[in-house]
Amino acid sequence: MIEISTDIRKAKLILENNELVAIPTETVYGLAGNCLSETAIKKIFETKKRPFFNPLIVHIHSLHKLDEIAQEIPEKAKLLANAFWPGSLTLVLKKRPNVSDLITAGKETVAVRIPNHQLTLELLENLDFPLAAPSANPFGSISPTTAQHVADYFPEELKLVLDGGTCDNGIESTIIGFENDMPVLYRLGSIPVEEIEAVVGKVKVNNKEENKPNAPGMLSRHYAPNTKTILVDNIIEELKNIKNDKIGVITFQDNIQHHSIKAIEILSKEGNIKQATRNLYEFKLTFRKFNQSSIIVFPFGHTCC
Ligand code: TXA
Ligand code: MG
């Protein structure tokens, strides 16, 4: 039975025993295990039912630890680390030989970040090893943004989720890799590309490669709710085409009325993008629970994944 608690000591004991703990970050909750233990890493993949070709992010608590994980770090990566860490930026760098192939899916590179959440930073400081942690959801489903979401996903499979409240950002970190020292966007996320370009200049945006994605977050089906979800500009117009009367709507507007709409969630009354991203996964998960047959999402901005 999973326990929801803020007990860092308990989390430390479980992790030292090569078992898993769900941890809060400012983006989404992570499913964490000892990065140096093959047993723990295998458990991460088994628990998430995640394919082994999909590599994990290593979480560290200070820049000093970066050299133990990565080598030949490009100058631009150092600039980005200084600008955004602790924070929602993941850097993909050349790995050190001691980083397990299981973590990197056999790649020569490793993804790494310093998360910006006090409880998790405190936990990391108390551990002798970094934490490998993918988002704490079964493979392919929506990432959890509260401890309760994690408990709903893994009621029996996990012993502990560290309760750090609702994640501030609510969507995953932005992932940047390097090709000949040129920054390349691998996954859109919490930090807009424009903010990254303000620090290091032009960032290359890779095309989709369905069969061999640089980062599987770029697959066309990902973070998928079980409920059909469509993105529209005009909700009432769209409803004319949908023969279905159990519609859930996620939107900025609070004045929409239609007999088919059975639930409505407002992303942000003030039109605030940050508040909206914080709420998005939460609302999708709520609708999944209540079995709406369609979700309609009103588009907002272009920085979200
Ligand atoms: O915000 C986040 O990044 C959250 C929190 C928990 O830190 N983590 C997260 O992990 O979203 P995950 O495993 O759900 O997504 C990590 C992404 C995957 O798409 C994976 O393919 C990519 O990072 N990735 C990991 N290592 C990589 C590498 N060496 N090269 C390219 N992509 C990599
Ligand atoms: Mg994920």
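First listed ligand is number 1; within each ligand, the first listed atom is number 1.
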Subject >> Polar contact flag, side-chain donor to acceptor under 3.5 angstrom, E172-S135 >> reply: no
Original post:
Does at least one non-hydrogen atom of R50 fall below 4.0 angstrom from an atom of ligand 1?
Top reply: yes
Original post:
Can an N or O of S173 be found at a distance shorter than 3.5 Å from an N or O of ligand 1?
Top reply: yes
**OP:** With atom 25 (C) of ligand 1 as the reference point, say which of S190, A32, P55, A22 has the nearest heavy atom.
**Re:** P55
Original post:
Out of G30, P24, G177, whose heavy atom sits nearest atom 6 (C) of ligand 1?
Top reply: G30
Original post:
By the rule that ILVMFWY residues connect when side-chain heavy atoms come within less than 4.5 angstrom, directly or transitively, which residues belong alongside M182?
Top reply: none
Original post:
Taking atom types as modelled and ignoring hydrogens, do the side chains of D152 and Q148 form a donor-acceptor contact shorter than 3.5 angstrom?
Top reply: yes
Original post:
In terms of atom number and element, which parts of ligand 1 are under 4.0 angstrom from non-hydrogen atoms of R113?
Top reply: 1 (O), 5 (C), 7 (O)
Original post:
Sub-3.5 Å donor-acceptor pair from the side chain of K48 to the main-chain atoms of N137, do we have one?
Top reply: yes
Subject >> Subset of ligand 1 atoms that lie under 4.0 Å from at least one heavy atom of T27 >> reply: 1 (O), 2 (C), 4 (C), 5 (C)
Original post:
For ligand 1, which atoms, with element, lie under 4.0 Å from some heavy atom of L56?
Top reply: 25 (C), 26 (N)
Subject >> Backbone of I171 reached by a side-chain donor or acceptor of N169 within 3.5 Å >> reply: no
**OP:** May I ask you to check whether S135 brings an N, O or S atom to under 2.8 Å from the Mg ion (ligand 2)?
**Re:** yes
Original post:
So does K12 pair up with E16, basic N to acidic O under 4.0 Å?
Top reply: yes
Subject >> Close-contact set for ligand 1 against K107 heavy atoms, below 4.0 Å >> reply: 28 (C), 29 (N), 30 (N)
Subject >> Proximal candidate to atom 23 (O) of ligand 1 [heavy atom criterion; set N137, I175, N54, I176] >> reply: I175
Contacts under 3.5 angstrom, residues 29-38 side chains, donor-acceptor by atom type, not counting sequence neighbours:
from, atom 1, to, atom 2, distance (Å)
Y29, OH, G164, N, 3.0
Y29, OH, G165, N, 3.3
Y29, OH, G165, O, 2.7
N34, OD1, L36, N, 2.7
S37, OG, N18, OD1, 3.2
S37, OG, T39, N, 3.4
S37, OG, A40, N, 2.9
E38, OE2, S100, OG, 3.3

Original post:
Atoms of ligand 1 less than 4.0 Å from P134 heavy atoms?
Top reply: 10 (O), 12 (P), 13 (O)
Original post:
Can you list the atoms of ligand 1 that are under 4.0 Å from a heavy atom of Y186?
Top reply: 31 (C)
Original post:
Based purely on interatomic distance, does S135 place a nitrogen or oxygen under 3.5 Å from a nitrogen or oxygen of ligand 1?
Top reply: yes
Original post:
Do you see a donor-acceptor pair shorter than 3.5 Å between the side chains of T27 and S190?
Top reply: no
**OP:** Output yes when a side-chain donor or acceptor of R187 lies under 3.5 Å from a complementary backbone atom of S173, and no otherwise.
**Re:** yes
**OP:** Could you tell me whether a side-chain N or O of E26 sits under 3.5 Å from a main-chain N or O of N116, the two making a donor and an acceptor?
**Re:** yes
Original post:
Has ligand 1 got any nitrogen or oxygen that is less than 3.5 angstrom from a nitrogen or oxygen of E172?
Top reply: no
**OP:** Number the atoms of ligand 1 from 1 as they appear, then name those within less than 4.0 Å of a heavy atom of H59, with their elements.
**Re:** 5 (C), 6 (C), 7 (O)
Original post:
salt bridge (charged side-chain N to carboxylate O under 4.0 Å, His left out) between K202 and E197: does it pass, once the steps are laid out?
Top reply: CA-CA 5 Å; K202 188 88 198 106; E197 292 190 323; 3.4 Å; yes
Original post:
Does any N or O atom in R187 lie less than 3.5 angstrom from one in ligand 1, N or O only?
Top reply: yes
**OP:** May I ask you to check whether T109 has an N/O atom sitting below 3.5 Å from an N/O atom of ligand 1?
**Re:** yes
